[in-house]
Number of protein chains: 2
Amino acid sequence: MKSPETVKQTEERLAQMLAKIKGRDFRLTPQRWAILNILAASEDHPSVDEIFKEVRNRFPTTSIATVYKTIALLKELNEVLELGFPDGSNRYDGHRTYPHPHAICTNCGKIMDPEISSVDELSEEMRKKTGYTFSFHRLDFFGLCPECQRKS
Amino acid sequence: MKSPETVKQTEERLAQMLAKIKGRDFRLTPQRWAILNILAASEDHPSVDEIFKEVRNRFPTTSIATVYKTIALLKELNEVLELGFPDGSNRYDGHRTYPHPHAICTNCGKIMDPEISSVDELSEEMRKKTGYTFSFHRLDFFGLCPECQRKS
DNA sequence: GTAATTGCAAATGGTTTGCAGCATC
DNA sequence: GATGCTGCAAACCATTTGCAATTAC
């Protein structure tokens with residue numbers, strides 16, 4: 001059961017995505033609309049495969065290539081944050097599209113992203129010591145979620 | 001030209017790797033020794049391909065599979081830190097094998113890892129807010145290195 | 001001599017691409 | 001009606017794997 005706030009958030013995210021889509025020559029196909037919806041509504045951080053399976057529930061002929069292409073488009077438009085992992089288990093955040101820290105369960109894959117005091121000081125320290133100018137970052141903490149702690 | 005301290009560091013790292021290797025039934029082949037050497041000596045963060053090419057300078061018959069297998073072994077022994085990237089451009093740190101922040105140039109790929117005040121407080125904050133227990137983390141800042149800033 | 005390692009080639013698997021047909025605008 | 005999108009299948013490509021021959025111990 002979703003709270004009214006959650007529903008509202010989902011609608012706002014969807015509206016913003018649609019605005020970006022319509023801002024150019026992009027077309028809104030049913031498959032594409034479904035993918036936007038899934039990303040705007042998902043509380044967790046779905047994988048390509050999870051998105052694919054969910055789209056297929058509604059449009060059984062959808063191909064995985066379409067999912068990849070739509071995600072690529074959303075990445076370009078900055079409307080989704082890709083959490084790529086070297087093993088290929090990539091995950092997508094349709095809510096917060098800017099860099100932010102993640103807590104990742106190495107057992108079940110659950111990802112949480114609480115509001116946290118920023119990493120700006122660390123970034124500034126790195127800048128001073130390296131001379132780099134940074135445009136984004138990635139901060140992931142890996143371990144066991146509460147549920148998986150209980151099981152082990 | 002390497003400083004005496006650097007040479008000493010390299011020797012220490014190599015000694016430690018060798019100790020770990022000999023601690024079990026592992027054998028020290030010339031190819032393996034070469035790879036250990038490269039990782040212990042490298043100032044930057046070499047890719048598999050860079051390691052492969054360097055090993056081939058000394059042992060032209062070496063196969064890429066051997067490089068992968070040796071790296072896998074060193075990972076198991078905790079004697080190398082793998083910096084995996086989703087695009088497959090993985091890099092290896094033979095010096096500091098524990099998690100630490102990196103500054104990564106998105107233009108030329110140069111990686112720096114200065115000593116920095118720890119991320120322990122952030123980790124603790126995440127723990128409190130998520131209930132996760134963390135065993136490692138990954139912190140990368142992406143941007144332009146000083147040299148690439150000048151060029152652009 | 002025994003067991004680990006090498007090197008080759010084939011397999012793997014997530015992602016990308018080319019393109020003909022189709023659907024949106 | 002023009003152009004962008006879909007879906008299929010083939011291509012990609014770093015990494016892994018199986019296995020016979022080799023080599024460290």
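Chain letters run A, B, ... following the sequence lines, proteins first and then strands; every chain starts at 1.
Using bins of under 30°, 30° to 60° and over 60° for the plane-to-plane angle, the ring pair B/Phe134/A/Phe141 lands in the tilted bin.
Taking only side-chain nitrogens and oxygens, B/Gln31 never comes nearer than 4.0 Å to OP1 or OP2 of D/dT23. A close approach under 4.0 Å does not occur between any side-chain nitrogen or oxygen of A/Ser63 and OP1 or OP2 of D/dT6.
If you measure from atom CZ of A/Arg56 to atom P of D/dT6, you get 14 Å, rounded to the nearest angstrom. Distance CZ (B/Phe59) to P (D/dT23): 13 Å, rounded to an integer number of Å. For the pair A/Arg58 CZ and D/dT6 P, the computed distance is 15 Å after rounding to whole Å. As a whole-Å value, the separation of B/Arg24 CZ from C/dT5 P is 11 Å. The separation between B/Arg32 atom CZ and C/dA4 atom C1' is 8 Å, rounded to whole Å. What separates CD1 of A/Ile21 from C1' of D/dG4 is a distance of 12 Å, to the nearest Å. Per the geometry, CG belonging to B/Leu83 stands 18 Å off P belonging to D/dA14, to the nearest Å.
Cation-pi geometry between A/Arg138 and A/Phe85 is met: under 6.0 angstrom from the ring centre, within 45 degrees of the axis.
Within a 6.0 Å sphere centred on CD of B/Glu147, other residues, nucleotides and ligands contribute 12 heavy atoms or fewer.
For the 3.5 Å distance criterion, the side chains of A/Ser117 and B/Glu125 qualify, holding a donor opposite an acceptor. Side chains of B/Ser89 and B/Asp87: a donor-acceptor N/O pair is present below 3.5 angstrom, by distance only.
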B/S/- along nucleotides 14-25 of chain C (protein heavy atoms under 4.0 Å) is SSBBB----BBS
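Using a 4.5 Å cut-off between side-chain heavy atoms of Ile, Leu, Val, Met, Phe, Trp and Tyr, with links allowed through other members, B/Phe52 and B/Leu36 fall into the same hydrophobic cluster.
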